[in-house]
**Q** 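A single structure is presented below for examination.
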Protein chains: 2
Amino acid sequence: MATYLIRKLEQFTQLSSEDKQKLERAAAAKVRVVRPREDIIREGDKPRQVNLILDGWACRYKVLEDGRRQIVGFLVPGDVCDIRMFILKQIDHSMGALTPVRVAEIPSDTLLDVIDTSPRLTRAMWWNSLVEEAISREWTTSLGQREAIERLSHLFCELYFRLKAVGLTENGQGRKSFEFPVTQDQLADATGMSTVHVNRTLQLMREQELIIWKGKTVTIPDLEALMSVAMFNANYLHLDRDGHELDANEP
Amino acid sequence: MATYLIRKLEQFTQLSSEDKQKLERAAAAKVRVVRPREDIIREGDKPRQVNLILDGWACRYKVLEDGRRQIVGFLVPGDVCDIRMFILKQIDHSMGALTPVRVAEIPSDTLLDVIDTSPRLTRAMWWNSLVEEAISREWTTSLGQREAIERLSHLFCELYFRLKAVGLTENGQGRKSFEFPVTQDQLADATGMSTVHVNRTLQLMREQELIIWKGKTVTIPDLEALMSVAMFNANYLHLDRDGHELDANEP
DNA sequence: GACGAGCGTTAACCCTTGTTATCCCACTGT
DNA sequence: ACAGTGGGATAACAAGGGTTAACGCTCGTC
């Protein structure tokens with residue numbers, strides 16, 4: 001159940017089989033299914049438990065008074081929606097399902113207990129939330145400095161590396177691909193662009209063979225080219241366990 | 001020494017005098033002075049200690065390969081630069097002084113010890129980093145959805161509330177003001193706008209009497225008006241200890 | 001007292017991106 | 001077979017904001 005989370009945490013540090021079992025048990029407690037467009041948590045809710053994405057895609061988003069919406073992050077399998085938030089009186093942003101999503105509802109106490117009894121897990125969960133913070137800063141940088149094509153390219157790079165870390169990418173004949181069940185509308189909300197301009201820019205990216213996007217599958221024919229356009233530097237994802245360098249050509 | 005940090009944390013919870021003394025002692029250990037334009041920490045550095053801003057203004061920023069710079073957050077007195085980062089191998093963004101800054105260098109162990117021996121402080125520090133995350137998401141929202149005048153207005157609102165929390169605002173004749181030693185250039189890097197457009201937009205804001213900015217002092221003649229333009233909702237700063245509502249008219 | 005650095009201000013022009021409005025296709029339910 | 005809906009693709013036009021290039025003011029320094 002918690003396979004993806006475990007895979008992700010193991011990017012940071014090796015977990016003992018005991019640690020893994022603890023996570024598995026915690027995630028197995030209660031599973032909820034959320035349909036597309038439904039919220040997993042809504043801004044203003046009081047945090048009661050911690051939500052772990054088991055399957056499907058979701059996003060964090062904020063809505064302005066006049067209805068404008070900004071997606072501030074994508075949530076993929078293995079992502080924990082709201083760890084540590086239980087010390088706040090209310091959540092300051094919403095999380096909504098983009099596809100059918102299976103969520104494990106872990107009672108705060110259970111998670112606290114899991115963490116308290118394993119320093120290694122504590123560190124791994126800290127690492128995880130530091131990475132989320134770093135991703136948020138990188139989004140700010142993208143929205144502030146990168147222009148349309150760079151911004152989209154950067155997002156595809158980010159998602160490729162994150163999905164690779166949980167084993168949700170494929171690598172056939174040097175072409176990397178992954179499931180990407182997001183509409184252009186949602187992509188517009190995430191990149192701060194209009195739908196029309198997202199579409200225009202995607203056409204351009206296809207022309208330049210930066211991505212191939214058919215149905216719900218995105219293929220990256222040349223990751224280094226995409227990274228170069230995006231000025232993507234994977235350091236902020238902190239995936240370099242044991243100082244081992246990230247390499248675009250590695251499977 | 002740690003006065004501002006203590007004031008900030010007390011927005012979240014009452015601290016015992018013992019807690020406060022612990023923080024004071026930790027902050028008194030070693031103080032470094034950083035000159036304007038110098039870095040407090042540079043991207044790629046290995047975190048060795050935790051830096052607490054005692055005095056002055058700084059910012060977090062990221063630089064793209066081609067030199068474009070995005071400021072991803074402002075650091076004011078009482079802000080902790082890099083708590084929790086010591087579990088990472090390297091820092092993923094730089095922090096630079098905007099004015100002369102006095103920084104307390106707190107050894108990681110000291111801080112861990114302080115936190116470990118006081119659950120209340122632990123929670124307060126957690127709360128603090130959750131607020132920082134929330135601010136980062138709000139910046140993403142601003143850059144993605146708010147247009148120039150809204151974006152600048154929002155930033156002034158954020159800074160007003162943050163500075164109020166540490167006692168660095170004044171409130172004479174209903175007009176709120178604070179020291180704001182930031183150049184239009186830096187404001188441009190923070191809002192993802194060009195310097196020229198920052199200037200244009202500031203002129204507009206002065207015309208509409210949203211702000212008065214003379215020398216290094218910003219005055220807000222009508223906070224509610226500014227908040228309205230910015231579509232500012234202070235919830236994300238989580239300053240509502242004991243469920244007490246935030247009110248623009250309160251001193 | 002002259003000079004330059006740093007910062008703010010303005011104008012003219014242009015380009016990236018947003019807006020509005022169609023049209024098309026694939027899917028779904030009846 | 002039909003309409004309805006959601007998603008994608010395009011075109012024409014408008015506008016917000018970037019770029020470039022001046023100019024001016026206030027310091028601090030020699």
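Chain letters run A, B, ... following the sequence lines, proteins first, then strands; residues in each count from 1. Bear in mind that the values here come from a model prediction, so they are computed numbers and not experimental data.
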**Q** In whole angstrom, what separates Trp213(A)'s CH2 from dA9(D)'s P?
**A**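 Interatomic distance, CH2 of Trp213(A) to P of dA9(D): 8 Å.
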
**Q** At 4.0 Å (heavy atoms only), tell me whether Gly192(A) reaches a base, stays on the sugar-phosphate, or touches nothing.
**A**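 Answer is sugar-phosphate: Gly192(A) comes under 4.0 Å of backbone atoms only.
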
**Q** What do the steps show when you test Gln70(A) against Leu143(A) for side chain to side chain contact (heavy atoms under 4.5 Å, CB included), and what is the final call?
**A** CA-CA 11 Å; Gln70(A) 178 66 37; Leu143(A) 288 170; 3.8 Å; yes

**Q** Can you tell me how far P of dA15(D) sits from CG of Leu204(B), to the nearest Å?
**A**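 Distance, rounded to whole Å: 16 Å.
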
**Q** For Ser194(A), which contact category applies under a 4.0 Å heavy-atom criterion: base, sugar-phosphate, or nothing?
**A**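 Since a base atom lies under 4.0 Å of Ser194(A), the category is base.
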
**Q** Between dG8(D) and Asn199(A), is there an OP1 or OP2 to side-chain N/O distance shorter than 4.0 Å?
**A**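 No, no such contact exists.
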
**Q** To the nearest Å, how far apart are Glu207(B) CD and dT9(C) P?
**A**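 Between P of dT9(C) and CD of Glu207(B): 13 Å.
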
**Q** Return the 5'-most residue of the pair Thr201(B), Val196(B) with respect to DNA chain D, ranking by each residue's nearest nucleotide.
**A**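 Its nucleotide being nearer the 5' end, the pick is Thr201(B).
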
**Q** Rounded to whole Å, how long is the line connecting atom CD of Glu147(A) with atom C1' of dG16(D)?
**A**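 The answer, rounded to whole Å, is 16 Å.
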
**Q** Quick one: which of dG18(C), dC7(C), dG18(D) gets closest to the side chain of Met193(A)?
**A**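 Between dG18(C), dC7(C), dG18(D), the one nearest the side chain of Met193(A) would be dG18(C).
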
**Q** Using modelled atom types only, decide if a donor and an acceptor are shared between the side chain of Arg35(B) and the backbone of Ala97(B) within a distance under 3.5 Å.
**A**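 No.
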
**Q** Can you find an N or O donor on one side and an acceptor on the other, under 3.5 Å apart, linking the side chain of Arg37(B) with the base of dG6(C)?
**A**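 Flag unset: no donor-acceptor pair detected.
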
**Q** When rounded to the nearest 0.5 angstrom, what is the spacing between CG in Asp92(B) and NE2 in His238(A)?
**A**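 Rounded to the nearest 0.5 Å, the CG-NE2 separation comes out at 3.5 Å.
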
**Q** Between Arg162(B) and Asp79(B), is a side chain to side chain contact (heavy atoms under 4.5 Å, CB included) present by the stated rule, with each step listed?
**A** CA-CA 10 Å; Arg162(B) 284 175 59 192; Asp79(B) 282 343; 2.6 Å; yes

**Q** Can you check the Leu187(B) CG to dG6(C) P distance for me, whole Å?
**A**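 Distance, rounded to whole Å: 19 Å.
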
**Q** In whole angstroms, how far is the P atom of dT17(C) from the CZ atom of Arg146(A)?
**A**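 Distance check: Arg146(A) CZ to dT17(C) P gives 14 Å.
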
**Q** For Arg151(A) and dT16(C), what is the distance between atoms CZ and P respectively, to the nearest whole Å?
**A**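 Distance check: Arg151(A) CZ to dT16(C) P gives 14 Å.
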
**Q** Given 3.5 Å as the limit, does a donor-acceptor pair link the side chain of Arg137(A) with the main chain of Ser136(B), or not?
**A**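 Side chain of Arg137(A) to backbone of Ser136(B): no pair is present.
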
**Q** Kindly say if Arg206(B) contacts the phosphate of dT9(C), meaning a side-chain N or O under 4.0 Å from OP1 or OP2.
**A**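 Yes, such a contact exists.
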
**Q** Any chance the side chains of His154(B) and Arg151(B) put a donor and an acceptor closer than 3.5 Å?
**A**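 Side chains of His154(B) and Arg151(B): no pair found under 3.5 Å.
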
**Q** Is it the case that dG18(C) (base atoms only) and Arg200(A) (side chain only) share a donor and an acceptor within less than 3.5 Å, ignoring hydrogens and angles?
**A**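 For Arg200(A), whose side chain was compared with the base of dG18(C), there is a donor-acceptor pair (under 3.5 Å).
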
**Q** Let me test you: for the helix from dG1(C)-dC30(D) to dT30(C)-dA1(D), what is the angle between the axes at its two ends (five pairs each), rounded to 10 degrees?
**A**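 Overall, the helix from dG1(C)-dC30(D) to dT30(C)-dA1(D) bends by 40° from one end axis to the other.
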
**Q** Take Arg175(B) and Ile212(B) through the side chain to side chain contact (heavy atoms under 4.5 Å, CB included) test and state the conclusion after the steps.
**A** CA-CA 10 Å; Arg175(B) 297 165 146 227; Ile212(B) 300 162; 3.5 Å; yes

**Q** Rounded to whole Å, how long is the line connecting atom CG of Asp185(A) with atom P of dT5(D)?
**A**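 Taking atom P of dT5(D) as the reference, CG of Asp185(A) is at 17 Å.
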
